[in-house]
Every structure is written in C-alpha cells, then in structure tokens.
Amino acid sequence: MKFSVIASDGNSRAGIIETERGLVLTPQFMPVGTLGTVKSVSPEELGNAGAEVMLCNTYHLYLRPGHETIRRLGGVQKFISWPGPVLTDSGGFQVYSLSRLRNITPDGVEFRSHLDGSLHFIGPEKAMEIQQALGADIIMAFDECTPYPSTYDYALNSLRLTTEWAKRCRAVHPEGSSQALFGIFQGSIYRDLRLKSLEEIVGTGFDGYAAGGLSVGEPKELMYEIIHATGPVMPAVKPRYLMGIGDLLDVLEAVEAGYDIFDCVMPTRNARNGTLFTSTGRISIKRAGFKEDPSPLDPECSCYTCRNFSRAYLRHLYLSREILSMRLNTIHNLSFYIRFFRLMRDSIIRGEFTEFKRKWRETLERNFVTLHSRTLRTS
RNA sequence: GUGAGCGUAGCUCAAUGGUUAGAGCACUGGACUGUGGCUCCAGCGGUUGUGGGUUCGAGUCCCAUCGCUCACC
C-alpha cells in the first residue's frame with residue numbers, strides 16, 4: 001500500500017491510497033459489509049454506487065464461516081467476489097459492543113459469541129492471525145474500545161493496554177507485509193490522553209492511523225474537540241482513519257481536521273430502516289406525504305434507484321417490507337454518500353472546502369419534509 | 001325454522017357491577033455512528049351493534065331488536 005497527498009486546503013487534504021487491488025481516492029467512505037456483504041446489494045451494485053473499498057468484520061467472519069475456511073477459499077476478496085480492496089477491522093469493537101460476558105485481561109479478551117454463546121478468546125496475536133488468514137488489503141490492530149463514559153483512570157489504563165496490544169500486533173505483522181496494518185489510538189474524551197495514545201501508537205509505527213472509541217455516546221462537542229485536537233497532528237504521510245463515523249456533519253468536521261477515510265453503518269442501516277439522504281436533506285420514505293408522490297427520491301441523483309423509481313413506490317416497498325426496498329434504498333444512500341465524498345474531495349482540490357462545508361452544513365441540518373410540505377401548501 | 005354462543009379501537013382480543021374502557025398488531029411521527037434486516041421512543045384511534053329496563057353506579061345484569069358463527073331439523 002502506498003499513500004500520497006495530492007492537494008490540501010487548510011488541514012483538509014485530498015489523497016490517493018494505492019493498493020494491489022486498486023486506487024482509493026481520499027477522502028473516502030467505506031461501506032460496511034460486516035459478514036462479507038453490504039447487506040442487500042451485490043458487489044456489482046456496490047461498485048456501481050461508486051464504492052472503492054469495502055469494510056469487512058473480523059469478529060463476524062471469525063465466528064462464521066471461520067477465517068481458516070476463508071483462507072482455504074482464497075481469501076476474503078475472492079470469497080465474496082469483490083474486485084476492489086478490503087479493510088478488516090480487528091474485532092475489538094464487536095467484542096465491546098456485541099458479545100456478552102466479556103472478560104478483558106492483559107493478554108486479550110475472553111468473550112461469548114452472540115450467535116451461540118460459545119466461549120472464545122481474541123488477543124492481539126489471534127486478531128492478527130485471523131486477519132492474515134482473511135487476507136484483507138488493510139488490517140487493523142487489536143484495541144480496547146474505551147466505553148463512554150469512562151473515568152480518567154480507566155481511560156488511561158485502557159489506552160496503555162491498547163498501546164501494549166498495538167506493539168504485539170506489530171511484532172507478529174512486521175512492516176513490509178503485503179497487508180497494510182493500521183494502528184488505533186484511544187483516550188476517550190480526554191484531550192491529553194488522546195494525544196498521549198496517538199504518540200505511543202505513532203511511535204510503534206504503522207501504515208496508517210485510526211481514531212477509535214468515538215461516537216460511542218459522548219456529546220458531539222466533545223467528539224469534535226477530540227477530532228480537531230488529533231487530526232492535524234497525526235502523521236501527514238499516512239492515511240488517517242476515523243472509525244465508525246458517520247454522520248455527514250461529523251465527517252465535515254473530521255475532514256476539516258485532516259481525516260481521510262471513514263466507515264459507518266449509517267447509510268446502509270438507515271436505508272434498511274427507511275431514512276434516506278438527498279441533496280436537499282434527510283427524508284423518511286415511510287411518511288404518508290409520499291403516498292402518491294411520483295417524483296424521484298432525489299432529482300439531482302443519478303443512481304439506479306433515482307433513475308427508475310418514484311417516492312410513492314419506494315414508500316410502498318418499505319411499508320410492505322419488500323426485499324427490494326432495502327436494496328433500492330441502500331443503492332441510493334451509498335451512491336449519495338460516495339458522491340458526497342467525491343464532491344468534498346473536489347472542493348479540497350479547488351481550495352473551496354470551507355465553502356463546501358458551510359453549504360452542506362445548512363443542507364444537512366435542514367428538515368427536508370418540513371420544507372417540502374410547506375411548498376405543497378403554498379402551491 | 002329450533003337451540004346455543006358471540007357482538008368492545010382498522011384487526012385479534014382484555015377488562016369481580018365501582019376512578020378517565022386497556023393491550024398487541026396496524027396506522028402516524030421520531031431515533032439509529034468500527035451493523036443482529038433488529039430494536040427503541042412518542043402519538044392518533046371508542047356513542048362497548050341498536051333501543052329500552054334494573055341499579056347510587058352497566059362493557060358487565062334483564063328484555064327486545066339487528067348482525068355473525070356453530071349445531072340440529
């Protein structure tokens with residue numbers, strides 16, 4: 001993997017990640033394909049939506065079908081038939097968010113599967129072994145996702161553990177591997193702990209750096225404070241990854257601070273739950289106001305969904321719980337997200353990111369439906 | 001035709017004769033940030049089939065009537 005910054009505007013930057021399986025233009029959004037699939041869409045549809053890199057989940061693929069199985073089948077990219085690069089997270093977050101009865105020790109985490117309750121253990125070495133077997137282009141160090149709220153002392157101990165684990169990951173996955181390894185820093189909402197953690201992780205030496213443990217329930221102002229405190233001081237020559245974000249308002253802040261890549265379930269999960277993103281704001285497709293609305297979801301969007309279907313039909317599919325609802329909604333939301341990122345990248349290259357951010361903040365904070373129904377009333 | 005049972009929210013059903021008749025689903029609105037297609041929050045919705053009667057008080061007891069279901073002719 002190779003990374004280069006081609007333009008910057010303030011702290012924000014436009015770059016290129018070169019992998020053996022293709023280029024990733026940054027800033028970039030990575031759709032989340034937890035179990036080796038972005039729910040409801042095919043790899044072809046994912047590519048058509050503009051996706052350049054896909055995220056898969058170590059924890060889930062380890063539990064089912066098993067990392068050794070995927071290795072024997074030629075690696076995760078071949079297994080899922082996705083031609084582009086793949087990033088796997090380490091499993092640290094899922095151990096934190098999904099499994100019951102987790103027991104954290106200096107060696108790793110003992111936990112029970114959310115599928116069948118069976119007992120498992122993942123530590124840094126195991127996390128590397130699993131991710132090496134999966135064979136993703138970019139893999140992540142095993143961290144402890146510090147919960148929110150955490151006391152200062154807990155966060156301090158947690159980041160020490162994450163540093164220790166990061167070193168052990170690096171030790172069993174040396175520099176120069178065909179799989180890039182990114183380090184994750186923690187530190188909760190404490191600015192000094194964040195900087196300390198970042199320094200220790202950078203000191204260990206990775207191919208990219210990621211902020212973990214954000215958007216776990218803390219107020220946005222605190223998250224923004226951490227984003228702005230860390231982004232500009234992360235190594236400029238390496239990709240900067242903000243894990244699990246997100247909300248496009250949060251993305252604007254993070255790109256302003258110099259972050260490059262993002263992943264989030266928001267566009268895909270919200271698509272399945274009927275919340276859609278458009279060039280004029282968020283809408284809930286289940287609203288009764290769309291019952292007989294023949295217009296496309298987003299007139300400014302050229303995705304398959306917007307080219308072919310009306311809001312009325314999308315609402316009908318959603319209320320009927322049809323499979324196609326999730327598929328069309330997911331295609332649209334991903335297309336919208338990825339186009340948003342491309343436009344954002346263009347604005348950085350042109351030196352107009354500030355204007356881009358100002359304009360989109362207004363749009364994203366706007367309530368589409370309120371405006372829409374007001375229009376209908378006056379017409 | 002005879003007998004029995006049942007009529008309560010859009011649907012399926014609760015509610016010793018005793019506060020303002022409730023629940024699930026549906027419907028309406030909202031939430032969702034390194035994913036369990038889940039889940040959660042809030043709201044709308046009633047002349048208790050109809051008409052009488054008993055009672056301090058009736059969804060509940062009595063009479064009539066209408067409707068539905070089942071059984072038997």
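Quick note: numbers below take in every heavy atom, side chains included, and nothing from hydrogens, waters or symmetry partners. So that the names make sense, note that chain A is the first sequence line, chain B the second, and so on, each numbered from 1.
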Tell me: [atom1] of [X] to [atom2] of [N], nearest whole Å?
{"X": "A/I283", "N": "B/rG30", "atom1": "CD1", "atom2": "C1'", "value": "15 Å"}
{"X": "A/I184", "N": "B/rG34", "atom1": "CD1", "atom2": "P", "value": "14 Å"}
{"X": "A/L319", "N": "B/rA26", "atom1": "CG", "atom2": "C1'", "value": "11 Å"}
{"X": "A/K291", "N": "B/rG29", "atom1": "NZ", "atom2": "C1'", "value": "17 Å"}
{"X": "A/L222", "N": "B/rU33", "atom1": "CG", "atom2": "P", "value": "17 Å"}
{"X": "A/L55", "N": "B/rG34", "atom1": "CG", "atom2": "P", "value": "10 Å"}
{"X": "A/I285", "N": "B/rG30", "atom1": "CD1", "atom2": "P", "value": "12 Å"}
{"X": "A/L248", "N": "B/rC32", "atom1": "CG", "atom2": "C1'", "value": "14 Å"}

Selected nucleotide, minimal atom distance to [X] side chain, candidates [options]:
{"X": "A/R315", "options": "B/rU28, B/rG34, B/rG36", "answer": "B/rU28"}
{"X": "A/H114", "options": "B/rG29, B/rG34, B/rG36", "answer": "B/rG36"}
{"X": "A/A288", "options": "B/rC32, B/rU28, B/rG34", "answer": "B/rU28"}
{"X": "A/M266", "options": "B/rC32, B/rG34, B/rU33", "answer": "B/rU33"}
{"X": "A/R282", "options": "B/rC32, B/rG37, B/rU33", "answer": "B/rC32"}
{"X": "A/K286", "options": "B/rG37, B/rG36, B/rG30", "answer": "B/rG30"}

Does OP1 or OP2 of B/rU28 have a side-chain N or O of A/R287 closer than 4.0 Å?
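No.
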Looking only at side-chain N and O atoms, does A/S284 come under 4.0 Å of OP1 or OP2 in B/rG29?
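So the side-chain polar atoms of A/S284 never come under 4.0 Å of the phosphate oxygens OP1 or OP2 of B/rG29.
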Base, sugar-phosphate, or nothing for [X], non-hydrogen atoms under 4.0 angstrom?
{"X": "A/N57", "answer": "sugar-phosphate"}
{"X": "A/Q186", "answer": "base"}
{"X": "A/D263", "answer": "sugar-phosphate"}
{"X": "A/K220", "answer": "base"}
{"X": "A/G92", "answer": "nothing"}

Whole-Å [atom1] distance, [N] and [M]:
{"N": "B/rU65", "M": "B/rC70", "atom1": "P", "value": "23 Å"}
{"N": "B/rA15", "M": "B/rG49", "atom1": "P", "value": "15 Å"}
{"N": "B/rU55", "M": "B/rC62", "atom1": "P", "value": "16 Å"}

To the nearest 0.5 Å, how far apart are CD1 in A/I348 and OG in A/S12?
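These two atoms lie 4.0 Å from each other.
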Consecutive-pair stems (at least three Watson-Crick or G-U pairs, under 3.5 Å) that include RNA chain B
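Ordered by first number, the stems with RNA chain B (at least 3 consecutive pairs each) read B:1-7 with B:66-72, B:10-13 with B:22-25, B:27-31 with B:39-43, B:49-53 with B:61-65.
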Would you say the rings of [Y] and [X] are close, in the sense that their centroids are separated by under 6.0 Å?
{"X": "A/F93", "Y": "A/Y59", "result": "no"}
{"X": "A/F29", "Y": "A/F262", "result": "no"}
{"X": "A/Y259", "Y": "A/Y241", "result": "no"}
{"X": "A/F340", "Y": "A/F356", "result": "yes"}
{"X": "A/F309", "Y": "A/Y304", "result": "yes"}

Does any N or O donor sit under 3.5 Å from an N or O acceptor when you compare the side chain of A/D143 with the base of B/rG34?
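Side chain to base: pair found, below 3.5 Å.
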Note: A/R64-A/D116 ion pair, threshold 4.0 Å (strictly below):
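No, no charged N to carboxylate O under 4.0 Å.
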Salt bridge or not for A/K167 and A/E200, using N-O below 4.0 Å?
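No.
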Please determine, by modelled atom types, if A/D137 and A/T19 share a side-chain donor-acceptor pair under 3.5 angstrom.
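Their side chains do not contain a donor-acceptor pair, so the 3.5 Å distance test is not met.
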Between the protein and nucleotides 38-42 of chain B, list the N/O to N/O atom pairs that are separated by less than 3.5 angstrom.
from, atom 1, to, atom 2, distance (Å)
B/rC38, N4, A/N273, ND2, 3.0

Restricting to pairs with a member in residues 174-193 of chain A, which pass ring-ring contact (aromatic ring centres under 6.0 Å, His included), not counting sequence neighbours?
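Matches after skipping sequence neighbours: A/Y152-A/Y190.
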So does A/I323 have more than 12 non-hydrogen atoms from other groups sitting under 6.0 Å from CD1?
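No.
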